[in-house]
4 protein chains.
Amino acid sequence: MARRSNTDERRGQIVAALQAVMAKAGYAGATIAAIARHAELAPGLVHYHFKDKREILVALVDSLAGYARQRYESRAAAAQTAEQRLQAYIAAHLAYGSDAQPDAVAAWVMIGEQSAHDPDVREVYQAVLAAQMKLLKGLLRQRFAERGRRARGLDALVAGITCFIQGAFTLSTTARPLLPTAFAAPTLIDWVERYIDTQEER
Amino acid sequence: MARRSNTDERRGQIVAALQAVMAKAGYAGATIAAIARHAELAPGLVHYHFKDKREILVALVDSLAGYARQRYESRAAAAQTAEQRLQAYIAAHLAYGSDAQPDAVAAWVMIGEQSAHDPDVREVYQAVLAAQMKLLKGLLRQRFAERGRRARGLDALVAGITCFIQGAFTLSTTARPLLPTAFAAPTLIDWVERYIDTQEER
Amino acid sequence: MARRSNTDERRGQIVAALQAVMAKAGYAGATIAAIARHAELAPGLVHYHFKDKREILVALVDSLAGYARQRYESRAAAAQTAEQRLQAYIAAHLAYGSDAQPDAVAAWVMIGEQSAHDPDVREVYQAVLAAQMKLLKGLLRQRFAERGRRARGLDALVAGITCFIQGAFTLSTTARPLLPTAFAAPTLIDWVERYIDTQEER
Amino acid sequence: MARRSNTDERRGQIVAALQAVMAKAGYAGATIAAIARHAELAPGLVHYHFKDKREILVALVDSLAGYARQRYESRAAAAQTAEQRLQAYIAAHLAYGSDAQPDAVAAWVMIGEQSAHDPDVREVYQAVLAAQMKLLKGLLRQRFAERGRRARGLDALVAGITCFIQGAFTLSTTARPLLPTAFAAPTLIDWVERYIDTQEER
DNA sequence: CATGAATGAGGATTCATTCAT
DNA sequence: CATGAATGAATCCTCATTCAT
């Protein structure tokens, strides 16, 4: 009888191991040996399931994007208003809660750095960001409408919020002691609401 | 007759080369050979002037910090008001002008990633950020005073601005096409002013 | 009801796959995985039918020898004279016709290279060559007799013809563009006949 | 004081080592470690002087071509007639003498095999063969003239001689016991002269 | 100070072979 | 017989660092 394929499971293990190792040591420091050790697999097996190291990284980008999407959706499910949905988006990215995954944030920071000089990674990285920004733009438009404000300069607002989030990821990974505790999500929500408040009515 | 030491000049060349190479290839991709080639020096000479690769990186952090400081000071010199000084700070970090140095931004992003798993780098990286945040806090306090507002939640504001700036660095390096052109400085200034506007008076 | 063994069929598939893959990629490049893929079999199955990779190569030598023998025999069947039989031998090896198998020639070249440093392969390779040379020697002796010439220096002639054939194999595989089209068989036949012509009568 | 470059010397050592190792073990078997060991160098040094393994092989092709050329020229220097020059060419390739280099022949056989599936190698390999065939064609034309024969079918003759030589290389490497001793050069010269003898006069 | 050859410890990747199912 | 996951040794190549000159 043929063996049952466990490729998906193995790939998942390996991707998770890359995330964990990369969070500690960066992409360059995430050696195949370290990944295999973390996943408790033989090194050769990693290359049985992935063509090369970069392919694991690309899979990790997908995994993290899916994870962020899930966090947003589980929060948005309970939201009644545009305000709540917008806050769900921000909290999904920035809040520390029971579903927080510090490794994921650190890994995402490392991925950003890699995408600067690896076209394959950049492609998926940018695709994920573009999708998130598109979602965010829709949420903001709804929120502006809910508040009866003119939705001008939305692109800059979307870009600014995305910068804030990415920067918060970076600094929480590299300079945690310089940041106030649990400040990111409340601060960003506060900023955005004040911004909308001061926007002209329509 | 003793020959004049050219150590400082050489060190400067090497640090500049690291910045340039790192901007293109990241820290892991910045091999000593590549640095030496860029600096037009023999590889061996690099290790005469620096104990090891990390020491160059630490020197680069200092160099970039000094450069950012300079950009701020030359802009602040002409400032009359707290508002102008605050804008000088933001523009010094985010504006594209004749003194823009895209390599520097990219290199700073790579340094952030490194500092996540290299204690020596983290130390200087955090020191630079701490100094910048301290300066920013003073500027904000002045600006709040100038506007007659209560300076509450300053630390979160400082952290938020710093997140925005770091995030803008990252995204301009890794996802430039997703960002509006020249949006960062104006957007951040707008946000901050709206924030102050909506702050209670004292 | 006992299942009929399909071992012979499978072995044949695998040997054929090695021939095809080796023709393209050489012996070192003929990985078990590539062979299995070409034969549309699971990699593990290859080692069920063959102890190791070399054993497949040895089987391929036999297969190719048998194939060459067949080509000769089907041509020689119609031959009436020693001249025709000799020409059948040369054409069987060198002529391009409906039964041409370029993969077989390329594979034979690769086998020659392997036999230089693999005693097991060398043994079968030399055995095949020895048998062919023995057959050729008989054909030449008959042809000399038919022409009424003294069969002196037969061994050198046999060796020379064999060199020519092997060299034509090599060059048609590695330097086809340097060779005239379809020159090999006619040229060699011409040479041999002129050689016999100039041989002293007996 | 700057170190004196010894790159040419080292490259020569490494190429010679590849030739020796390849003669015994083939190209795939000529590991960098084995080459370095043979040359008594550290493995890393091999890659300091050559980008990769294939670059060594390409250098070896050049080296062997130069060597063959030298053998021909030193023999041709003493030649007075076209006949002697033609024999010099054949002897340079096939005769065993004080300047024989069995490793070179074996290495050339391995190179031929490689060139079948490595475009970079094929390019230089074919270039060498093309140059040799061009030289040979000129020599044959002179010899035909000297004998007062019509130089028809020269290309086929050139190709045939080249096949013979290549085949002699292969068989002397892979099946020496099947060949008569020192038969190759005399036999080929004999064939060629008989061929010319039987050529129509002009 | 300067040069560039030399070293050797990794690190990614390949692959024949084994083996549980 | 068949499958394909698993293993781990072997190999190419990179690169920080050293050092003789």
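In the text below, chain A, chain B and the rest are named by the order of the sequence lines, each starting its count at 1.
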Stems with DNA chain E, 3 or more Watson-Crick or G-U pairs in a row (under 3.5 Å), are E:2-21 with F:2-21
By nearest nucleotide on DNA chain F, pick out whichever of Gly44(B) and Ala30(D) is the more 5' one.
-> Ala30(D)
If we ignore angles and hydrogens, is there a donor and acceptor under 3.5 Å between the side chains of Gln101(C) and Tyr67(C)?
-> yes
What is the distance, rounded to the nearest whole Å, between atom [atom1] of [X] and atom [atom2] of [N]?
X: Tyr27(A); N: dA12(E); atom1: OH; atom2: P; value: 9 Å
X: Ile32(C); N: dT14(E); atom1: CD1; atom2: P; value: 17 Å
X: Asn6(A); N: dA20(E); atom1: CG; atom2: P; value: 15 Å
X: Ile14(D); N: dC12(F); atom1: CD1; atom2: P; value: 14 Å
X: Leu18(B); N: dC15(F); atom1: CG; atom2: P; value: 15 Å
X: Met22(A); N: dG11(E); atom1: CE; atom2: P; value: 17 Å
X: Ile35(A); N: dG11(E); atom1: CD1; atom2: P; value: 12 Å
X: Glu40(B); N: dT3(E); atom1: CD; atom2: P; value: 11 Å

Are OP1 or OP2 of dA5(E) and a side-chain N or O of Thr7(D) less than 4.0 angstrom apart?
-> yes
Can you tell which of Glu55(B), His49(B), His47(B) makes a side chain to side chain contact (heavy atoms under 4.5 Å, CB included) with Lys51(B)?
-> Glu55(B)
Near DNA chain F, which residues from residues 45-57 of chain A have a heavy atom under 4.0 Å away?
-> Leu45(A), Tyr48(A), His49(A)
